[in-house]
Amino acid sequence: MFAEENGLKGDPRLRAISEAIRVVPHFPKQGIMFQDITTLLLNHKVFKDTVDIFVDRYRDMDISAVAGVEARGFMFGPAIALGIGAKFIPLRKPRKLPGEVISEKYVLEYGTDCLEMHVGAVQPGERALVIDDLVATGGTLSAAIRLLERVGAEVVECACVVGVPEVKGHRRLNGKPLYVLVEPRQIDNGF
C-alpha cells in the first residue's frame, strides 16, 4: 500500500520526499528513468522525515530485525532499526560478507543475482522488516523474504521509499504486505 492510502494523504512530507528524488534519464541504460535517492539524503530534513514516517509506522509492531537490501536499503535501514529499537541485518551481494552465509538467488530482467545473509543473524520466530529504496518488479524483495523465512523469521512487511505505480495493485509480495512512500517522479519530456 502507498502511504497516501494509509492516513498520510496530503502529508507535505510525502511531496517533499518525492521532490527531493532526482530523476536521471536513461541511466543505467536507454529508456530507464533512474530514481536517485542520494539527492534525498543531501537534505537532512527530508531524510529525517523519510525515516520518521517509517519509524512511526513500525514503532509498535514488535519488530526485532530490520533487514536492508544492498546497497540503498543500507541508507535507511540502520536509522529505522535504531528508531524502533531493532537490530540491523545487511542483505548483501555474493562474497561481500565474511564468515558463514546463506544465499538466495533471484531472477532479474537479464540474468540472475543473489542475496546473502550471515548465518545466525536472525533467530527463528524473530519479527523482521525488509527495507529497500525502490520496488519495481518485487524480485529482490521476494528473495529477501525467502532468505529470512528460510531461517525461521517472520517477515512482517516490506517497505520502500519509491514504488512504481504497477505495484499499487500488488500490495503484497510473497503474501507479505508492501508499504511504499511515493511513486517515481517523472520529468517534463514525458518520462
Side-chain angles (χ1 to χ4, degrees), residues 1-25 27 31-63 65-69 71-86 88 91 127-145 148 154-191:
M1 97 176 45
F2 278 71
E4 280 189 341
E5 304 164 345
N6 191 45
L8 294 180
K9 186 166 183 71
D11 189 317
R13 297 177 299 174
L14 295 178
R15 182 180 179 121
I17 290 166
S18 180
E19 290 174 354
I21 297 168
R22 174 177 51 183
V23 179
V24 181
F27 180 82
I32 301 290
M33 301 309 287
F34 188 78
Q35 304 291 307
D36 181 13
I37 56 92
T38 63
T39 52
L40 180 154
L41 302 172
L42 297 174
N43 182 326
H44 73 278
K45 181 182 182 330
V46 176
F47 183 28
K48 182 180 184 319
D49 286 344
T50 303
V51 171
D52 287 349
I53 290 170
F54 286 127
V55 168
D56 288 346
R57 179 165 178 84
Y58 299 112
R59 177 180 289 122
D60 297 322
M61 289 191 182
D62 195 31
I63 292 169
V66 175
V69 178
R72 290 178 295 275
F74 295 0
M75 297 174 188
F76 300 99
I80 294 165
L82 286 172
I84 65 173
F88 177 73
L91 303 181
R127 291 172 53 86
L129 166 69
V130 177
I131 183 84
D132 203 357
D133 68 323
L134 183 135
V135 57
T137 66
T140 306
L141 292 175
S142 293
I145 292 167
L148 289 159
E154 176 190 349
V155 177
V156 175
E157 191 162 84
C158 293
C160 293
V161 178
V162 182
V164 299
E166 292 78 13
V167 301
K168 265 192 177 180
H170 293 107
R171 299 180 198 265
R172 299 181 89 69
L173 291 170
N174 294 22
K176 303 301 175 189
L178 171 65
Y179 185 71
V180 175
L181 298 188
V182 299
E183 290 184 13
R185 272 194 333 106
Q186 306 298 312
I187 56 175
D188 292 336
N189 70 356
F191 283 89

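Just so it is clear, the values below take in all heavy atoms, side chains as well, and ignore hydrogens, waters and symmetry mates.
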### Message
To the nearest 0.5 Å, what is the distance between CD on E157 and CZ on F54?
### Response
9.5 Å
### pair C160-D132: side-chain heavy atoms closer than 4.5 Å
yes
### Task
To the nearest 0.5 Å, tell me how far I37 CD1 sits from R72 CZ.
6.5 Å
### Task
Identify the heavy atoms of I63 and A86 that sit nearest to each other, and give their distance.
O-CB, 3.6 Å
### Query
Do Y179 and I53 have side chains that get closer than 4.5 Å, going by heavy atoms?
yes
### Message
Restricting to non-hydrogen atoms, name the atom on Q35 and the atom on V23 that form the minimum distance, rounded to 0.1 Å.
### Response
NE2-CG2, 3.9 Å
### Intermediate values then yes/no, side chain to side chain contact (heavy atoms under 4.5 Å, CB included), M61 and I84
CA-CA 9 Å; M61 289 191 182; I84 65 173; over 6 Å; no
### Message
Please determine whether side chain to side chain contact (heavy atoms under 4.5 Å, CB included) holds for the pair F88 and I80, giving the CA-CA distance in whole Å, both sets of side-chain angles, and the decisive distance to 0.1 Å.
### Response
CA-CA 9 Å; F88 177 73; I80 294 165; over 6 Å; no
### Task
Apply the test side chain to side chain contact (heavy atoms under 4.5 Å, CB included) to residues V182 and I21: give CA-CA distance (whole Å), side-chain angles for both, the deciding distance (0.1 Å), then the verdict.
CA-CA 10 Å; V182 299; I21 297 168; 4.2 Å; yes
### Message
Using modelled atom types and a 3.5 Å cut-off, is there a donor and acceptor pairing between side-chain atoms of T50 and backbone atoms of V46?
### Response
yes
### Query
Where is the tightest heavy-atom contact between A67 and L91, given as atom of each residue plus distance?
CB-CD1, 3.9 Å
### Message
Under the rule for side-chain hydrogen bond (donor to acceptor under 3.5 Å, both in side chains), what residues qualify as partners of K9, not counting sequence neighbours?
### Response
none
### Query
If every non-hydrogen atom of A159 is compared with every non-hydrogen atom of Y58, which pair is closest and at what distance?
CB-OH, 3.4 Å
### Query
How long is the span from the SG atom in C158 to the CD1 atom in I131, to the nearest 0.5 Å?
9.0 Å
### Query
For N43, which residues count as a side-chain hydrogen bond (donor to acceptor under 3.5 Å, both in side chains) partner, sequence neighbours excluded?
none
### Query
Within a strict 4.5 Å, meaning less than it, do heavy atoms of the L173 and V130 side chains meet?
no
### Query
Which pairs count as salt bridge (Lys or Arg N to Asp or Glu O under 4.0 Å) when at least one residue sits in residues 32-42, sequence neighbours excluded?
R22-D36
### Query
Between V69 and A144, what is the shortest heavy-atom contact and its length?
CG2-CB, 4.2 Å
### Residue list, ring pair (Phe, Tyr, Trp, His ring centres under 6.0 Å) with F76, at least two apart or on another chain
F47
### Message
Test of understanding: with side-chain hydrogen bond (donor to acceptor under 3.5 Å, both in side chains), list the residues that count as partners of S142, not counting sequence neighbours.
### Response
N174
### Query
Taking atom NZ of K176 and atom CD of E154, what is their separation to the nearest 0.5 Å?
6.0 Å
#### Entry: With sequence neighbours excluded, residues passing side-chain hydrogen bond (donor to acceptor under 3.5 Å, both in side chains) with D62
none
### Task
Before giving the answer on side chain to side chain contact (heavy atoms under 4.5 Å, CB included), spell out for N6 and R57 the whole-Å C-alpha distance, their side-chain angles and the decisive distance to 0.1 Å.
CA-CA 10 Å; N6 191 45; R57 179 165 178 84; 2.5 Å; yes
### Query
Looking at G73 and P78, what are the two nearest heavy atoms and their distance?
O-CD, 4.2 Å
